[in-house]
Amino acid sequence: LFRPMSFVKIKAFQKAGHRRRNNNVQYVENNGTWKLRENIKANALVAVKESLGFKELGPSSHKSRGIAWKRAGELCSKPQFIVGGATRTDICQGALGDCWLLAAIASLTLNEEVLARVVPAGQGFGDNYAGIFHFQFWQFGEWVDVVIDDRLPVKDGELVFVHSAEGNEFWSALLEKAYAKLVFVCVVSCSTSEGFEDFTGGIAESYELSKAPSNMFQIIQKALEAGALLGCSIDITSAADSEAVTRQKLVKGHAYSLTGVTEVNYRGRKEKLVRMRNPWGQVEWTGAWSDSSSEWNSITASERPNANAEDGEFWMSFSEFLSHYSRIEICTLTPDAITSDSIKYWAVSNHDGTWRKGSTAGGCRNNPYTFWMNPQYVIKLNDEDDDPDDNEVGCSFVVGLIQKNRRRLRKAGEDMHTIGFAIYEFHGQRDVHLDKNFFLTHAQKARSETFVNLREVCTRFKLPPGEYLVVPSTFEANQDGDFCLRVFSEKQTETLPCDDPVDAELPDESVSDDEVDSGFRGMFVKLAGADMEISATELTTILNKIIAKRTDIKTDGFSLETCRIMVNLMDDSGNGKLGLGEFATLWKKIQRYLGIYKKNDMDNSGTISTPEMRLALKEAGFTLNNTIFQLLVARYAETDMTLDFDNYVACLMRLEMMFRVFKRLDPHQSGFIELDFQQVCHAITF
Ligand SMILES: *[C@@H]1O[C@H](CO)[C@@H](O)[C@H](O)[C@H]1NC(C)=O
Ligand SMILES: *[C@@H]1O[C@H](CO)[C@@H](O)[C@H](O)[C@H]1NC(C)=O
C-alpha cells in the first residue's frame, strides 16, 4: 500500500490542504463576547478538507486527468460485492487522501446492524446483477437511498479511491462512490465526524486529547458500551509531516479507529489500555503493549487479549494514547441503530428550524438587540446519570447543531455559516419566546465550545436536573439558513421548541354614532361629502393628507389596497363605505397603532426595525410564533429590514382581519372551522 505514486500524491494534496488551513473560522468566548480565535490549529483532517473541494477535482482539473471509469467486471474477472461479510480489511486507502472516510467505514464494519442499514443486503454481481447498486445514508434527520452504477474511477489500472485488500471485493469502493454522489462534491472534502454521522445517523463529538476532560477514559468506555464508533488521529505540525511514520510506527495526519478498552493488573497496579486500528490494515505501533511486546508477559493469561496478527490492530496504554494522539471523535448512535440488549443506548430528540433574515436570524450574543429573535428550545433533564463517572452528579447530554444543505450551495459560491449555540437556565413558562430582557439579565449557563464554520458544532454537557433553554444561532445576524438541532442524552429527556402560541387579544374599540363628539362629527361631514360615507379612495386621500404633515414618521403613503382592507375591516353595514361610527372606530384604532409605533421606534428613526416590530405586534395584542413572524417580515419589511408606517399599519390590519374573520367563524373557540365554498367567498373575498 505504500505504492510510491500514491504516497507522493497524498503528500502533495495534504500540503495544499495545509497551506489553506486558515480557511476555518473559529470564535471562542472571551469575557462574555465571542472573539475570533487567533492562530487556528485545525486538525489535519479538517485541514485537508478545504483543499480538495469540487473545484480541484472537478472534471477539468489536472488531478482528474487520466482517470478512466470502469465497471467492476472490467477490473477483475470475478468481482464480488461482499466476501464473507464486511470486514475491516475490506477497506484500503486509495490514491486520494481520504483516510478520514476509511476510518468511518472501518468503524462501520464493527457494527453489523449499522452496516446493514448503509449497505442493504441482497446485492451482488450474480444473477440479479444489473450494473447498479444502492446504499442508504443519513441526511439531516432522515435516511436517503442513493443508487449508483458500478463504474469506478481508475488511474493507471488502480482504483483511485477505497478498495479491498484482495482487489475483487467492491462494496467499499461502491459505498464511497454513492457517498460522493450524496454529498455532491468529492468525498475528500469532508471529515470523519461527518462520515460517521452520515453512515449512522448518530452524533459525533470531537475532543482535543491535550485538553481531554479528566474522565476521558470513562467517556470512551461508556461510548464503547453504548455501541458508539470512535476515530482518532495525530495532528501534523508541518506539511512535511503528513503521513510521516513516527519512530514507533504511528502515522501522522491519518485516521485510526479505537475499537476497545480494557484494564489489566500490571506489576501491582491497574493499567488502562486502548485498542487501536490502522485502516491500512498494517503499520502497527511498536511501543509498550504492542503485539508481542514484553508487557504482556506480566499479565495473567485470562486478562490477555489476543492481538498479535499484523492486521493493523494493536494495543497501547491509555496514557501513551493521550500523549501520542491529538484528537478523538466519538459517534454515539441513535437507539434505532442498535438492537442488541447488552448496549445502553442514549435517547435522542431532533428539531428542524430556520434562521431568516430580519426575523429569526438574530446572530450570536454579540448582537444583544437581535439575539433574542433566534429560535429557542427547552431541554428538560429529569434524571441523573446511572453511575456518575466522576464525583459530580448530573445529567450527561450532547447537543449537536447541523446546518443543512450548505455544501450544495458551494457551487453557487456560498460557504458554510459560522454557527454555535448558548444554553441558559430556565424556570419560566415554556410557551413564551423569551425576549431581549431575559437575555440582558441572565448569564448563560453553558455554550457550544466554539462558533465555527463547519457543518456541525457539537458539545457534551453535564448539568444538574432542571430545565434549560438552548438558543442556536449563526455568528452574524441576518444570515438565512436551515438547521437541525439534536439532543442526545444518557437518560430520557424532553426537548421542545419554545415559542409563543399564535393568538390575538383584540380590544373592543368600536365607537357608536352617538359617542362621537361634535368636533369629530364636523370633520367627518367635511370629509365625507354629501353621501355621509367614506369610500376606500376617499380614505386614501384623507389619511395621506394627515400623515404628510407628520415629520416624525416615515411613510411613502397609504395605498388604496391598504385602505380597502381598513374599510372592509370596519364595514359592518356591508356597503363598502364607512359611516360616522365606523370611521371613528377606525380613527381610534389608527391612533392606538400610531402610539405603539412611536413607542417602539427606539432610535426615533421614523421607521421600526423588524425586532422592534415583533415587540410592537405583541403590544398591539398579537402573539405570533417564529413561522408567522418570518412570513410577515418577508412580506412587509423593506430590504433594509425596517417597516415604515403604512406597511406597519397594513400588516396589523391584515392580521386583525384574519383573526376577526376566524373568531367570527369559530364562535365556540374550538380552534377549527369548516367552510363550504359559499362561506369561503363570504369570509375571505374582498
Ligand atoms: C469583562 O467584561 C466586563 C463587563 O463587560 C468588564 O467590566 C471587565 O473589565 C471585563 N474584564 C476583562 C478582564 O476584560
Ligand atoms: C406557528 O403557528 C402556525 C399556526 O398556528 C403553525 O402552523 C406552525 O406550525 C407554528 N410554527 C411552529 C414552529 O410551531
Side-chain angles (χ1 to χ4, degrees), residues 140-142 348-363 370-380 399-405 419 421-422 424 426 428-435 438-439 467-474 477-487 493-506 610-611 613-637 651-675 680 683-684:
F140 316 124
E142 58 186 56
V348 59
S349 63
N350 243 356
H351 290 281
D352 292 319
T354 52
W355 295 298
R356 288 288 175 268
K357 188 176 176 194
S359 49
T360 50
T370 53
F371 179 67
W372 66 279
M373 311 268 285
N374 285 301
Q376 303 170 1
Y377 298 86
V378 178
I379 303 181
K380 220 173 144 188
V399 178
L401 174 66
I402 305 185
Q403 46 186 327
K404 294 192 195 177
N405 304 323
I419 56 169
F421 55 86
Y424 294 82
F426 177 67
Q429 284 166 278
R430 238 175 293 157
D431 51 356
V432 177
H433 184 91
L434 292 166
D435 68 11
F438 176 86
F439 297 100
E467 293 193 9
Y468 297 91
L469 188 78
V470 184
V471 185
S473 74
T474 53
N478 291 329
Q479 291 185 316
D480 284 335
D482 296 339
F483 66 82
C484 174
L485 182 80
R486 295 188 296 159
V487 178
T493 55
E494 244 183 293
T495 310
L496 299 161
C498 189
D499 205 348
D500 296 323
V502 178
D503 203 359
E505 280 208 20
L506 302 173
T610 49
M613 180 67 178
R614 189 154 186 175
L615 296 173
L617 284 166
K618 211 165 206 172
E619 197 169 336
F622 301 99
T623 53
L624 302 176
N625 66 10
N626 289 336
T627 318
I628 305 224
F629 189 60
Q630 283 175 352
L631 265 176
L632 292 183
V633 167
R635 291 196 183 151
Y636 290 95
C651 177
L652 288 177
M653 291 290 177
R654 270 188 189 269
L655 273 176
E656 183 163 346
M657 185 71 150
M658 179 184 84
F659 280 106
R660 284 204 195 278
V661 167
F662 190 87
K663 286 189 174 171
R664 197 172 64 229
L665 294 171
D666 179 28
H668 305 299
Q669 295 175 20
S670 67
F672 293 92
I673 54 173
E674 196 176 15
L675 300 181
V680 170
I684 61 176

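Counting starts at 1 for both ligands and their atoms, following the listed order. The chain is numbered in sequence order, starting from 1.
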Problem - N626 side chain to F629 backbone, donor-acceptor under 3.5 Å - result: no
Exercise for the section: Report the distance from atom CG of D500 to atom CG of D431, rounding to the nearest 0.5 Å. Expected result: 8.0 Å
Practice task
Without swapping roles, check the side chain of N478 against the backbone of G358 for a donor-acceptor pair under 3.5 Å.
Solution key: yes
Problem - R356 side chain vs L631 backbone, donor-acceptor pair below 3.5 Å - result: no
Completion exercise
Distance filter under 4.0 Å, heavy atoms only, around ligand 2 gives V502, N625, T627
Fill in the blank from the handout: In this structure, CG of D499 is separated from CG of L624 (nearest 0.5 Å) by 9.5 Å
Practice task
Answer yes or no: is there a donor N or O on one side and an acceptor on the other, between the side chain of H433 and the main chain of W372, under 3.5 Å?
Solution key: yes
